[in-house]
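Here is the structure we will look at, set down as structure tokens.
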Amino acid sequence: MESVEHPPVIECCSVTHRFADGSIGIEDINLRIHENEAVLFIGPNGSGKTTLFRHFIGLLVPQRGDVVVDGVSVRENVRRARERIGMVFQDADCQIVGETVGGDVAFGPENLRLDRTEIDIRVSESLKAVGLEGFADRRPHTLSGGEKRRLAIAGILAMNPRVLVLDEPFANLDYPGMRSIVAILRQWRDEQRTLIVSSHQVGALLPLVTRVVLLNGGKIYADGLPVEVLPKAVELGILPPGAMP
């Protein structure tokens, strides 16, 4: 019997998006991300990483091409894409909506109309996963920057997505904060789940990723194993020579 190739979790087919002023966000992006992959997106500021990620969950819609999640076009079923892909934005504060830490994590599962017992379980497990157990009754505004980032991740974990997407997860974090986020991502990878992340802190993520995609000028400049792609990033001046694996 022939083996059946599973469709990619995310597929971009000639995806192009221009902003209102006519400038290019991303252009002709063709990309497949499969189950259990860990993909690091790198590139200079303005290269299109955030713009591309927003297409994964339908916050932006391509003017040309299509984004497909689990075989279904995002433009046709945005809710389905957002149930499968959990995205943590660079600005954690924009994702925090609850009056308490526990209430914030419960927000997503409540919108899924889960029963109270299941919601409480997900809140407890998600807070534990990010090292915030015992914080459920705290007010989010009292948290440090690193704690807010972990809270944003907990809110996504509570939705039980198939894919975790993080846009510059180390922004404005000190070294201990970075280490705490790396530990969370390592646990996610240990569970054989799909990870997509953009970051300028390449060294912190290389032990976790299986693939690197280099964006430049809104286009894919290189895509492959870290050892293949990072030298090209060095050639472009995006990474210093010391970033080589």
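All values below were derived from every heavy atom in this structure, side-chain atoms included, with hydrogens, water molecules and symmetry-related copies excluded. These numbers come from a predicted model, not from an experiment.
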Under a 3.5 Å cutoff, is there a donor and acceptor pairing between the side chains of [X] and [Y]?
X: R122; Y: S126; answer: no
X: N216; Y: S47; answer: no
X: H200; Y: N45; answer: yes
X: D28; Y: T16; answer: no
X: N36; Y: T194; answer: no

Q: Give a yes or no on whether the backbone of I42 and the side-chain of K49 come within a donor-acceptor separation of less than 3.5 Å.
A: no
Q) Has the side chain of R139 got a donor or acceptor atom that lies under 3.5 Å from a matching backbone atom of E99? A) yes
Q.
The test is salt bridge (Lys or Arg N to Asp or Glu O under 4.0 Å); show your working for E11 and R32 and say whether it passes.
A. CA-CA 5 Å; E11 183 172 14; R32 287 186 168 195; 3.0 Å; yes
Q. Going hydrophobic residue to hydrophobic residue with side-chain gaps under 4.5 angstrom, can you get from I156 over to I184?
A. yes
**Q.** CZ-OG distance between R64 and S14, expressed to the nearest 0.5 angstrom
**A.** 6.0 Å
Give a yes or no on whether [X] atom [atom1] has more than 12 heavy-atom contacts from other residues, nucleotides or ligands under 6.0 Å away.
X: N172; atom1: CG; result: no
X: F19; atom1: CZ; result: yes
X: R113; atom1: CZ; result: no

Q.
Determine whether the aromatic ring centres of residues F53 and F89 are separated by less than 6.0 angstrom.
A. no
